[in-house]
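Take a look at the structure below.
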Amino acid sequence: RLTMNIEVYQRKSDDLLFPLPVPTSTGYRSYDANIGGMQNTGIDVEANIVVVDKGKFRWTTDINLSHYKNEITKMPGDQPTIIIGTKQLKVGHSIYDFFTYKYAGTNPTTGAPMWYTTNASTGEVTTTETYSSASRYYTGTSAIPDLSGGMTNTWKYGDFDLSVLVTFQTGGQIYDGSYQGLMGQTLGTNFHKDMLKRWTSTNTTSQIPVLRTNQNANGTSDRFLISSDYFSIRNVTLGYTLPKSLASAIRVSSARLAVNVTNLHTFTARKGLDPQQSFDGTTDNAYTPLRTSTISLTMNF
């Protein structure tokens, strides 16, 4: 048996509230202002399925899926583009489209980091080892996933029940600032283990720059963009409900013993990365949620 609910929506708003950059001489970096308009479109699907219902065995599945798009429709006349962090606000693009420097790998001879730059007069694209000379580009990727959702499966057999909740998303990217910080060039600080794969005279094909200070090796760029796909086992519950005859024998109307585990495991593109921590595709040094196990006994008298 299948029950389904589908919602398709399109919402327009002329209240695009965003931090508007101001000169540092004002004493502030920015202030919140209604600077334009945007449009959100999407589709949400919910389905409840009775997969098996026979005798003592019952299996049900609840699924929710979401697909979402965002587009800027209006900007201030005097500011057709505004750069904020790794994003640029511009009509026709999303507030979640990544706009940053593009990493060009390492110089195979010296191991120095390189970035792409575009000549403003000719449009020619070349590489540069000077970070301040690099150009920003739209990466063609977004923090918005193509699909996100969750699914709960519940199995019951006699007095036993098992429930498993999983959540997931696919198709977006996240800027891993935590990883970026561990790939720095400051000696005496913690490094990510990937630094062992850096450029050396015997490893000249590595795309991780040589370890050398004062070269902006880990400057903001698409080098630190990574898939935000994840599959998370959020909750697992195994329970046993005492038969009524036994419950009556101990003078209770009902009794249930359950073992519950939350945040069992999250599968991501990089160990320790938690794409669930932010919708705008940034990280704040947060680890994946702690795993918690509990045992409960519920009795009604």
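Please read all numbers here as calculations on a predicted model, not as lab measurements. The analysis underlying the following values was restricted to heavy atoms, covering all of them including side chains, and did not include hydrogens, waters or symmetry mates.
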Q) Pick from Ser228, Ser148, Ser66: which one makes a side-chain hydrogen bond (donor to acceptor under 3.5 Å, both in side chains) with Gln169? A) Ser228

**Q.** Asn218 side-chain N/O to Gln180 backbone N/O, donor-acceptor pair under 3.5 Å
**A.** yes

Q) Residues two or more places apart in sequence or in another chain: which of them pass side chain to side chain contact (heavy atoms under 4.5 Å, CB included) with Asp194? A) Tyr179, Met183, His192, Lys197, Ile208

Q: Verify side chain to side chain contact (heavy atoms under 4.5 Å, CB included) between Thr220 and Tyr131, making sure each step is shown before the conclusion.
A: CA-CA 9 Å; Thr220 300; Tyr131 183 72; 3.6 Å; yes

For residues 80-90, run the donor-acceptor check on the side chains, cut-off 3.5 Å, and write out each pair with its distance to 0.1 Å, sequence neighbours left out.
from: Lys87; atom 1: NZ; to: Asp280; atom 2: O; distance (Å): 2.9
from: Gln88; atom 1: NE2; to: Tyr138; atom 2: OH; distance (Å): 3.1

(Q) Checking Asn153 against Thr61 for the side chain to side chain donor-acceptor pair (under 3.5 Å) test, could you report, in this order, the C-alpha distance in whole Å, the side-chain angles of both residues, the deciding distance, and whether it holds? (A) CA-CA 5 Å; Asn153 279 289; Thr61 301; 2.5 Å; yes

Q.
Walk me through whether Ser254 and Asn300 qualify under side chain to side chain donor-acceptor pair (under 3.5 Å).
A. CA-CA 5 Å; Ser254 64; Asn300 295 313; 2.9 Å; yes

Q.
If we count only N and O atoms by modelled type, under 3.5 Å, do the side chains of Thr3 and Asn48 hold a donor and an acceptor together?
A. no

Q: Examine the side chains of Thr202 and Thr200 and answer whether a donor and an acceptor come within less than 3.5 Å of each other.
A: yes

**Q.** Check: Asp146 main-chain N/O paired with His67 side-chain donor or acceptor under 3.5 Å
**A.** yes

Q: Start with the C-alpha distance between Asn70 and Tyr96, add both sets of side-chain angles, then the distance that settles side chain to side chain donor-acceptor pair (under 3.5 Å), and finish with yes or no.
A: CA-CA 8 Å; Asn70 167 270; Tyr96 300 109; over 6 Å; no

Q) Does one side chain, of Thr268 or Thr266, offer a donor that lies under 3.5 Å from an acceptor on the other? A) no

Solution key, residues 101-110 side-chain donor-acceptor pairs under 3.5 Å, sequence neighbours excluded:
from: Tyr103; atom 1: OH; to: Gln207; atom 2: O; distance (Å): 2.7
from: Thr106; atom 1: OG1; to: Ser206; atom 2: O; distance (Å): 2.6
from: Asn107; atom 1: OD1; to: Thr109; atom 2: N; distance (Å): 2.8
from: Asn107; atom 1: OD1; to: Thr110; atom 2: N; distance (Å): 3.4
from: Asn107; atom 1: ND2; to: Glu129; atom 2: OE2; distance (Å): 2.8
from: Thr110; atom 1: OG1; to: Ala112; atom 2: N; distance (Å): 3.3

Q: Name the orientation class of the two ring planes belonging to Tyr240 and Phe160 (parallel below 30°, tilted from 30 to 60°, perpendicular beyond 60°).
A: tilted

Q) With distance as the sole criterion, is a donor-acceptor pair present between the side chains of Thr262 and Asn235 under 3.5 Å? A) no

